[in-house]
Amino acid sequence: MSREPRTTKAALVTGAAGGIGAAVCAALETRGFALTRVDREPAPGTGENGAWRQADVSDEAEVAAVFAGLDRLDLVVCAHGGSGRRFGDGPVDECTPAGWNATLAMNLTSVFLVCRQAVPRLRANGGGAIVTVASVLGLVGGDRDFATHAYAAGKGGLIALTRSMAVTYAAEGIRCNVVAPGLIATPMSARAQGDAAIRARLAELQPLTGDFGAPEDVAGAVAYLADAPFVTGTVLTVDGGWTAR
């Protein structure tokens, strides 16, 4: 008896040029996913296997254009986002309205726009998975070293959005889960990596290693959730013990 050839699963990863996004792409590619990489940055021109789409995912029209070109979709990973300090984020009494709006657009509204396009396509495919990348600051309060309140609100909202989608779309076979990293050694955390006071706190904050995590730690968690058929609505922390305290 002949067997039909196995269909390659298709994944779309946002924030593909970032430290975590690039590691996620590498992990999924190793597992046989065909990738569409999405980022505001142009294609790096390093022989990346898979399509590259340059787009600002906080722009509704640009997101729609990315999805319009997809033939199949099994997995969406929202690995984009970032600090809003340069826009005016900070403690609530110092955060500017412009900083608040820009930070939420980057970390929360953008995910809504991506998932709004993704869900109908996953539904048409008979199900699939969405994995979002939040932060421990969406789960616990940050002190003065981590007092970016718009960022925390965005990541907390992202967790609530993902869990709400998990409940709503479970009956259609669409699994929605969150990875919540702690301090990871990426370009985004350059400020913290260069801050002697924060480095001195790592044994307290992330007691498992007393150090920054690696992008591959987060990518491994994403890869697990990409193919975990009985898991939805979970928040998987990758934080060296930060939120266990």
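Worth saying up front: this structure is predicted, and the values here are computed from it rather than measured. By convention here, the first residue in the shown sequence is residue 1.
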To the nearest 0.5 angstrom, please state how far the [atom1] atom of [X] sits from the [atom2] atom of [Y].
X      : Y      : atom1 : atom2 : value
Thr243 : Gln206 : OG1   : CD    : 9.5 Å
Asp227 : Arg175 : CG    : CZ    : 7.0 Å
Arg199 : Asp211 : CZ    : CG    : 6.0 Å
Ser58  : Leu108 : OG    : CG    : 12.0 Å
Thr109 : Glu60  : OG1   : CD    : 11.0 Å
Tyr169 : Ile130 : OH    : CD1   : 8.0 Å

Residues which pass side chain to side chain donor-acceptor pair (under 3.5 Å) with Asp217, listed by chain and number, not counting sequence neighbours: none

Looking at every non-hydrogen atom in both residues, tell me the closest pair between [X] and [Y] and how far apart they are.
X      : Y      : value
Ala226 : Ala129 : O-CB, 4.2 Å
Thr103 : Gly99  : OG1-O, 2.6 Å
Val136 : Ala180 : CG1-O, 3.9 Å
Ala166 : Cys176 : CB-O, 3.5 Å
Cys78  : Val111 : SG-CG1, 4.0 Å
Gly81  : Asn107 : CA-OD1, 3.2 Å

Quick one: are [X] and [Y] in side-chain contact, heavy atoms under 4.5 Å?
X      : Y      : value
Lys155 : Leu137 : no
Thr132 : Leu161 : no
Lys9   : Leu75  : no
Val235 : Arg163 : yes
Phe67  : Val114 : yes

When hydrophobic residues are tied together by side-chain contacts of less than 4.5 Å, even through go-betweens, does [X] share a cluster with [Y]?
X      : Y      : answer
Val76  : Leu225 : no
Val140 : Val92  : no
Leu35  : Leu12  : no
Val179 : Val57  : no
Val231 : Leu28  : yes

For [Y], does its backbone N or O pair with a side-chain atom of [X] as donor and acceptor, under 3.5 Å?
X      : Y      : value
Asp74  : Ala10  : yes
His80  : Thr14  : no
Glu62  : Asp56  : yes
Asp89  : Tyr151 : yes
Asn125 : Leu73  : yes
Asn177 : Thr234 : yes
Gln54  : Arg40  : yes
Arg31  : Ala223 : no

Qualifying ring-ring contact (aromatic ring centres under 6.0 Å, His included) pairs with a residue from residues 204-239, counting only residues at least two apart or across chains: none

Any residue meeting ring-ring contact (aromatic ring centres under 6.0 Å, His included) with Phe146, in chain and number order, not counting sequence neighbours: Trp242

More than 12 non-hydrogen atoms from neighbouring residues, nucleotides or ligands closer than 6.0 Å to [atom1] on [X], yes or no?
X     : atom1 : result
Arg85 : CZ    : yes
Arg72 : CZ    : yes
Asp71 : CG    : no

Intermediate values then yes/no, side-chain contact (heavy atoms from CB on, under 4.5 Å), Val13 and Val222: CA-CA 11 Å; Val13 180; Val222 171; over 6 Å; no

Lys/Arg N to Asp/Glu carboxylate O, Asp145 vs Arg201, below 4.0 Å: yes

Asp39/Arg37 salt bridge by N-O under 4.0 Å criterion: no

